[in-house]
Amino acid sequence: AMPLASGSRVAAAAGSGRPSGAARDDIGAPSVSGQSACGWAPWVEGRAPVSWDASATAKGGVPLSDASFRGDAARWRFGTKTFASDFDGGNLQKVERVTDKSFNLWTRCDNQGTPHETHHRTWFHFKASGFNKGDVVTFTFPDFNKQRNLFANDFRPVFWEYNSGDNTETHEGSTDSSTGVSDDCTNRADRVGKDSRNVTTYKRIPQPVTARASKSGQFKVSFRHEFTSNISNSCVFFALTFPWGYHDTLSMLDNIDDRFAESGERGLELNKHIRYERKVLTKSCEGRLVEAITIASTITPSASTKQTFVVTCGVHPGEKPANHLFNGMLEFLLRPDDPRSQKLRDVYDFVLVPMLNPDGAFRGHYRNDALGQNLNRFYAEPCATKQPSCAALKALLTQLADNNILAFYIDLHAHANKRGVFAFGNACDGANAVETRTYARLCSLNSPHFDLAHCNFSERNMASRDKNGDSKAGTGRVALFRDTNGSVPHLYTVEANYNCSRLLNETPRATNARGDVVDLDFYEKRRLTDGAAKTPERSASNAGRKYTTHGRKKYDPPLFHGVARALLIAALDLSDQNPWSTVPSSQFKTVNGIRNWARAAARGDRARRKVQHADMESDEDASDDEDEFSGVGVSGSVRNSVSRRASTKKGDRLLPANSHSTKICSTFEGTAGGRHVLSSDNVVWPNKQRLVVYKSAPKWRT
């Protein structure tokens, strides 16, 4: 088993029985007729959240002594209509009735009413009940966090029409005789629910959102919803985006434990191919579990020289897209029959930490923990008492790095301003700089949504400060990079937007070792529909187009799962061991061809370090006035100039038009914001015969 920093054992290795302390007979996804282990997903998206009262006595739960977390402090009644946020991840401070069809709502700041109170109040999650079928109700947040860039691209919150019939059992709450509605539509903590494909889940509201600054300077967000059910025990949940709570994580891990403990075909298939272990890494300040799981191959025994791939998530509790990215990685690694998953387990041992800030997630915070701390700024010198999850993770990563077996560390986040999915890395030198850029390019070849031009590997980014004045030197990737003297190149923060992509990549077709085309879209669709892993390979004569063009789509959990798979597959491509690779069909042909491109990009980056950068990237959301182009190096002084004239000052370096980089990136198609865009990926390039490295140019583009 891979070493973990500390903690007691929660689940035994694969097939060795139930986890200790989980004596619950009603756990587990019910069997679906004809479903093999191939199409199984461990999460349960259609389960009502666990109430505060139920969480206090549930596995992994702790009593809440804070007066603001009493049930009556998060419930509001207006005649027959009720609002509540007294559940895992719920957030609502106040509700005010304007009319029977219009209500004003205010979100609760992180750590509100405590000495640690902050200005973060973007996240909301609440339920409404008692409305009649056909009622069109307007919900308005008069004083929302300024998220202009998020709502500028038709971002819409999500809703879920829930009735207790969707689950066999609900939390035993009382029923109000005047409404016939249970005062607790939330679920019992020990009820996992149905398979996620067989229940109704959250979806985006159908009508556009109004978001604008008021005359008083406050940011006002308003949306409408039509209620479609008259069922007495129904309610509608609303959230900023697709939610994921602390107890959702526990239920997902319990589902996995039960699957491995099954004596039937499904359990035997998993145990045959996968070695799985679950442990407690540490406990949070309030006593909640911070768990880690290890996934590896049973065929290739773990050895001291086998490399380790670490993935973490949930340090910022309101960044829910990161949770869905994590779930996609976990599901992919637990596939017993997918040749890519098998090869990943052969090459790496995986250590995954699903939730680093369980206190903040349960409390409905957007960014901080129970002590008002942004935990992603404490990795340089974490305190085991005040930042226990940071200290335990840092010890684990340091141990792996000292043993020269840490291959990757990816910390998953979400970004409200910049669209797309992108990565922040460190300013490496030499061969390591080439490897980081090669990995980023491979991600863009495997996902239409990975925005290469928004990636940042600059030294300035490693030392800049966020809006609160906290230095990013305390982030996990930067702290570990400096502690190891830059010996580990693949340390990344991966950011995913809440809403949509800025540009879309045309992804090359995948091929196997014989050169036959592999239809990956067909493969994934068959897994979702019938759980059967049909072979997606066909001869090259029926290959069709060399590239696949993807249509624009709003982000949702299945899309995040696809991006997550691409992050793992890119690592497999990097080692040149992907059985279904897109690299041979790309313009690079081989991974070494991508390294040649990355070598040129790294040379340009080294020259650019001598130039004063006008922009500053951030691991967290940019300022409210920052536009999306800032991610590719557009400074405020240049942002208003569409022409972006080439600078001729000393320090700008001219590149000949026939350089290696321009040969690779020679085909242009369309424009975006005055800049030409490559047809095969999201790279942005100036339209000049002689290319100029601007002071405001992308940080590692030559």
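The chain is numbered in sequence order, starting from 1. Note that the coordinates shown come from a computational prediction; the quantities given were computed from them, not determined experimentally. Quick note: numbers below take in every heavy atom, side chains included, and nothing from hydrogens, waters or symmetry partners.
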Any side-chain heavy atom of [X] sitting closer than 4.5 Å to one from [Y]?
{"X": "His125", "Y": "Phe87", "answer": "yes"}
{"X": "Phe332", "Y": "Asp338", "answer": "yes"}
{"X": "Arg477", "Y": "Tyr492", "answer": "no"}
{"X": "Phe141", "Y": "Thr107", "answer": "yes"}
{"X": "Asp88", "Y": "Trp52", "answer": "no"}
{"X": "Asp556", "Y": "Phe242", "answer": "yes"}
{"X": "Thr312", "Y": "Ile410", "answer": "no"}
{"X": "Leu330", "Y": "Met252", "answer": "yes"}

Which pair of non-hydrogen atoms, one from [X] and one from [Y], has the smallest distance, and what is that distance?
{"X": "Cys285", "Y": "Thr385", "value": "SG-O, 3.8 Å"}
{"X": "Arg345", "Y": "Leu333", "value": "NH1-O, 2.8 Å"}
{"X": "Asn153", "Y": "Cys500", "value": "CB-SG, 4.2 Å"}
{"X": "Pro321", "Y": "Thr241", "value": "CD-CG2, 4.4 Å"}
{"X": "Leu567", "Y": "Cys443", "value": "CD2-SG, 3.8 Å"}
{"X": "Ala239", "Y": "Trp123", "value": "CB-CH2, 4.1 Å"}

Go through the steps for Val494 and Val563 under the test side chain to side chain contact (heavy atoms under 4.5 Å, CB included), then give the verdict.
CA-CA 11 Å; Val494 173; Val563 175; over 6 Å; no
May I ask you to check whether [X] and [Y] show a side-chain donor-acceptor distance below 3.5 Å?
{"X": "Asn91", "Y": "Ser85", "value": "no"}
{"X": "Asn374", "Y": "His316", "value": "yes"}
{"X": "Ser458", "Y": "Asn456", "value": "yes"}
{"X": "Asp411", "Y": "His413", "value": "yes"}
{"X": "Ser464", "Y": "Lys472", "value": "yes"}

When rounded to the nearest 0.5 angstrom, what is the spacing between [atom1] in [X] and [atom2] in [Y]?
{"X": "Leu406", "Y": "Thr484", "atom1": "CG", "atom2": "OG1", "value": "8.0 Å"}
{"X": "Phe408", "Y": "Leu491", "atom1": "CZ", "atom2": "CG", "value": "9.5 Å"}
{"X": "Leu400", "Y": "Ile405", "atom1": "CG", "atom2": "CD1", "value": "5.0 Å"}
{"X": "Lys394", "Y": "Ser389", "atom1": "NZ", "atom2": "OG", "value": "13.0 Å"}
{"X": "His415", "Y": "Tyr498", "atom1": "NE2", "atom2": "OH", "value": "9.5 Å"}
{"X": "Glu319", "Y": "Leu412", "atom1": "CD", "atom2": "CG", "value": "10.0 Å"}

Spell out, as yes or no, whether a donor-acceptor pair under 3.5 Å connects the side chain of [X] to the backbone of [Y].
{"X": "Lys320", "Y": "Pro317", "answer": "yes"}
{"X": "Tyr276", "Y": "Leu270", "answer": "no"}
{"X": "Arg121", "Y": "Trp106", "answer": "no"}
{"X": "Asp451", "Y": "Val421", "answer": "no"}
{"X": "Tyr246", "Y": "Leu289", "answer": "yes"}
{"X": "Asp248", "Y": "Trp244", "answer": "no"}
{"X": "Asn255", "Y": "Pro42", "answer": "yes"}
{"X": "Asp483", "Y": "Leu480", "answer": "no"}
{"X": "Arg204", "Y": "Arg156", "answer": "yes"}
{"X": "Asp86", "Y": "Asp53", "answer": "no"}

Apply the test ring pair (Phe, Tyr, Trp, His ring centres under 6.0 Å) to residues Tyr555 and Phe560: give CA-CA distance (whole Å), side-chain angles for both, the deciding distance (0.1 Å), then the verdict.
CA-CA 7 Å; Tyr555 286 179; Phe560 288 128; 5.3 Å; yes
Quick one: is the NZ or CZ of Arg288 closer than 6.0 Å to the six-membered ring centre of Phe362, and within 45° of its axis?
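Yes, Arg288 and Phe362 form such a contact.
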Is the ring centre of Tyr202 less than 6.0 Å from the ring centre of Trp160?
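Yes, the ring centres sit under 6.0 Å apart.
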Tyr409 and Phe309: aromatic ring centres closer than 6.0 Å?
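No, they do not, as the ring centres are separated by 6.0 Å or more.
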So, are [X] and [Y] salt-bridged, with charged N and O less than 4.0 Å apart?
{"X": "Arg259", "Y": "Glu331", "answer": "no"}
{"X": "Arg278", "Y": "Asp257", "answer": "yes"}
{"X": "Glu524", "Y": "Arg340", "answer": "yes"}

Glu381, CD: over 12 other non-hydrogen atoms inside 6.0 angstrom
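No, CD of Glu381 has 12 or fewer neighbouring heavy atoms, counting only those of other groups under 6.0 Å.
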Exceeds 12 heavy-atom contacts within 6.0 angstrom, atom NZ of Lys554
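Yes, because the 6.0 Å sphere around NZ of Lys554 holds more than 12 heavy atoms from other groups.
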Take His116 and Asn368 through the test side chain to side chain contact (heavy atoms under 4.5 Å, CB included) and record every step on the way to the result.
CA-CA 9 Å; His116 313 298; Asn368 294 349; over 6 Å; no
Evaluate Met329 against His561 for side chain to side chain contact (heavy atoms under 4.5 Å, CB included), listing each step before the verdict.
CA-CA 7 Å; Met329 285 188 168; His561 301 159; over 6 Å; no
Walk me through whether Asp369 and Arg363 qualify under salt bridge (Lys or Arg N to Asp or Glu O under 4.0 Å).
CA-CA 9 Å; Asp369 72 344; Arg363 287 170 166 265; over 6 Å; no
side-chain hydrogen bond (donor to acceptor under 3.5 Å, both in side chains), that's the test. Do Ser55 and His247 meet it? Break it down for me.
CA-CA 8 Å; Ser55 173; His247 285 283; 2.8 Å; yes
Mind checking whether Phe124 and Phe126 have parallel, tilted or perpendicular rings, split at 30° and 60°?
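Plane angle between 30° and 60°, so tilted.
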Between Arg565 and Leu568, does a side chain to side chain contact (heavy atoms under 4.5 Å, CB included) hold up when you go through it step by step?
CA-CA 5 Å; Arg565 291 191 295 268; Leu568 294 173; 5.9 Å; no
